[in-house]
K.L.:
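For reference, the structure I am asking about is given below.
First the proteins, then the strands, lettered A, B, ... as listed; each starts at 1.
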2 protein chains.
Amino acid sequence: MEFSTIIDAIHQLPEQSKLKLIRSVQEVTFPKGYSLLKAGTVETRIYFIKKGIVRAYASTPDNEITFWFGKEGQAIISMRSYVEELPGYEDIELLEACELYELKTEQLQHLFEEDIHIANWGRKFAEQELIKTEERLIQRQFRTASERYKELLLNHPDLIQRIQLGHIASYLGITQVSLSRIRAELK
Amino acid sequence: MEFSTIIDAIHQLPEQSKLKLIRSVQEVTFPKGYSLLKAGTVETRIYFIKKGIVRAYASTPDNEITFWFGKEGQAIISMRSYVEELPGYEDIELLEACELYELKTEQLQHLFEEDIHIANWGRKFAEQELIKTEERLIQRQFRTASERYKELLLNHPDLIQRIQLGHIASYLGITQVSLSRIRAELK
DNA sequence: TTCATTTTTTATCATTTGTAAAATAAATTG
DNA sequence: CAATTTATTTTACAAATGATAAAAAATGAA
């Protein structure tokens, strides 16, 4: 997926501003399983996914929770590093070999201060992510685990194909055993 | 709480830009129990809380989920109206008599297009809300209902005092009966 | 205050989900 | 290909939470 397409999907930008963004990114590739961002560090880069699929997860000593999947067109950001310049709470792991567009946070922040269109583009991005996250929080309470799985199956069948079920279960807020039970009932 | 203080808490703004915002708001008051925003409608205003406390909830025919509390200093926004100009999914109810600063969305959008500092201020606001929501989503999975209650008690003791437990339970993702059980264990 | 209403707690039982361990299945490696 | 590792499903049992009903307590209005 072209970077230009990714930009436009977030929010329409004037050609001049788009060019500034395009000139700021650099293509990089990483192998499957690569650990792109690590919790506890202040990340200085963000990425956009040209090709591949990744997961963000948070860990405690005895648990690990996948709370986000990213695929073609989406932005990979350690939110707390990006927003507050503090160590992030998430690890990001590549679930497939990935082609990414890399962008230095500092450079983006500079564009935010300099170009009002890019500032509003960045605002739109955060707002759209906010809505998605808020809706997930609400749906988690309204719907049973089984309903949430069926919905994922309906709306993102590709994720079920491309991602192992342990991660899907974690994303849905249940254990792998529970997900297995749910899948058995649907047969 | 002064509107100027609320603005600064989100992100520092130059005096000029701050004045533009201040000139755009209007103080309003509503009684306890007032339904400020309604789900299914496109809201054209946002509010900042000078005094009082409110809750945002989403409803299905047989259920109602409180997913957000707002108190002094916070913004009341129907997210989907604000971001996508589509009907919102939340109702907002005043849990106390409130003094609010009212701002027309259209006017704010206009300031976003015109003043880069305000655009970045709006970006910061969305980003901060995004982090809070994402952290709640993660915590809901890491911690038991009991731990989540203790944490709320620790970090927001005022909410427990000012809000009835049915709403707190819903916010924590459990039933009121469950919350009552948890409270009984802590005695 | 007293009465009516709302909120919170308590008790019981049903259901869901989690934990642990074993059995299968699938993928990877030499 | 066989051997090994990794992922998924199945089973049995335990723990947490939900649903419902009813009692107790708190709140608010007259």
K.L.:
In this structure, how many angstroms lie between the P atom of D:dA7 and the CD atom of A:Gln161, rounded?
P.N.:
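Whole-Å distance recorded here is 17 Å.
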
K.L.:
Quick one: B:Arg181 CZ to D:dT20 P, roughly how many Å, whole number?
P.N.:
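Computing the B:Arg181:CZ to D:dT20:P distance gives 14 Å.
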
K.L.:
Classify B:Thr175 by what it touches in the nucleic acid, base, sugar-phosphate, or nothing, heavy-atom distance under 4.0 Å.
P.N.:
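Sugar-phosphate, backbone atoms only, no base.
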
K.L.:
A:Ile182 has an atom CD1; how far is it from atom P of D:dT9, in whole Å?
P.N.:
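Checked: the CD1 to P distance equals 11 Å.
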
K.L.:
What is the separation between atom CD on A:Glu185 and atom C1' on D:dT10, rounded to the nearest whole Å?
P.N.:
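It works out to 13 Å between those atoms.
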
K.L.:
State whether A:Phe69 and A:Arg162 meet the cation-pi test: NZ (Lys) or CZ (Arg) under 6.0 Å from the six-membered ring centroid, and within 45° of the perpendicular axis.
P.N.:
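Geometry flag: not set, cation outside 6.0 Å or 45°.
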
K.L.:
When the nearest nucleotide of DNA chain C is assigned to B:His167 and to A:Gly173 on a heavy-atom basis, which residue is associated with the more 5' position?
P.N.:
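By nearest-heavy-atom nucleotide position, the 5'-most residue is B:His167.
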
K.L.:
For a quick check of understanding: with a heavy-atom distance under 4.0 Å over all strands, which category does A:Ile174 fall into, base, sugar-phosphate or nothing?
P.N.:
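Sugar-phosphate contact only.
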
K.L.:
Under 4.0 Å, heavy atoms only, any strand: does A:Ser178 hit a base, just the sugar-phosphate, or nothing?
P.N.:
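Since only primed, P, OP1 and OP2 atoms lie under 4.0 Å of A:Ser178, the category is sugar-phosphate.
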
K.L.:
Keeping B:Glu43 on the side-chain end and B:Lys38 on the backbone end, is there a donor-acceptor pair under 3.5 Å?
P.N.:
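Flag set: sc B:Glu43 to bb B:Lys38 pair under 3.5 Å.
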
K.L.:
Whole Å only: how far is the CD1 atom of A:Ile168 from the P atom of D:dA7?
P.N.:
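Atom CD1 in A:Ile168 sits about 14 Å away from atom P in D:dA7.
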
K.L.:
Knowing that exactly one of B:Ile163, B:Ile174, B:Thr66 qualifies, which makes a side-chain contact (heavy atoms from CB on, under 4.5 Å) with B:Ile168?
P.N.:
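The side-chain contact (heavy atoms from CB on, under 4.5 Å) with B:Ile168 is passed solely by B:Ile163 among B:Ile163, B:Ile174, B:Thr66.
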
K.L.:
Nearest-nucleotide wise, let me know which of A:Arg183 and B:Ser146 is further upstream toward the 5' end of DNA chain D.
P.N.:
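Here A:Arg183 is the residue nearer the 5' end.
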
K.L.:
Using atom types as modelled and distance alone, determine if a side-chain donor or acceptor of A:Ser178 lies under 3.5 Å from a backbone N or O of A:Thr175.
P.N.:
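No; judged by distance alone, with no hydrogens or angles, the pair does not exist.
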
K.L.:
Examine B:Arg136 relative to B:Tyr171 and say whether NZ or CZ is less than 6.0 Å from the centre of the six-membered ring and inside a 45° cone about the ring axis.
P.N.:
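Positive - B:Arg136 is close enough to the ring of B:Tyr171 and near enough to its axis.
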
K.L.:
Quickly work out the B:Gln141 CD to D:dT17 P distance and round it to whole Å.
P.N.:
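So the two atoms are 14 Å apart, to the nearest Å.
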
K.L.:
So does A:Lys18 pair up with A:Asp8, basic N to acidic O under 4.0 Å?
P.N.:
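Looking at A:Asp8 together with A:Lys18, the answer is yes, because their closest N to O distance falls below 4.0 Å.
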
K.L.:
Which is the 5'-most and which the 3'-most nucleotide of DNA chain C that has an atom under 4.0 Å from a heavy atom of chain B?
P.N.:
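Result: C:dT7 to C:dT12.
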
K.L.:
Just how far, in rounded Å, is C1' of D:dT8 from CG of A:Leu186?
P.N.:
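Nearest whole value for this atom pair: 16 Å.
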
K.L.:
Start with the C-alpha distance between A:Trp121 and A:Leu13, add both sets of side-chain angles, then the distance that settles side-chain contact (heavy atoms from CB on, under 4.5 Å), and finish with yes or no.
P.N.:
CA-CA 7 Å; A:Trp121 176 83; A:Leu13 267 189; 3.9 Å; yes

K.L.:
Check every atom of D:dT17, D:dT9, D:dA12 against the side chain of A:Gln176 and return the nucleotide holding the closest atom.
P.N.:
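Nearest listed nucleotide: D:dT9.
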
K.L.:
Nearest whole angstrom, please: distance from the C1' of D:dT27 to the CD of B:Glu96.
P.N.:
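Roughly 16 Å, once rounded to whole Å.
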
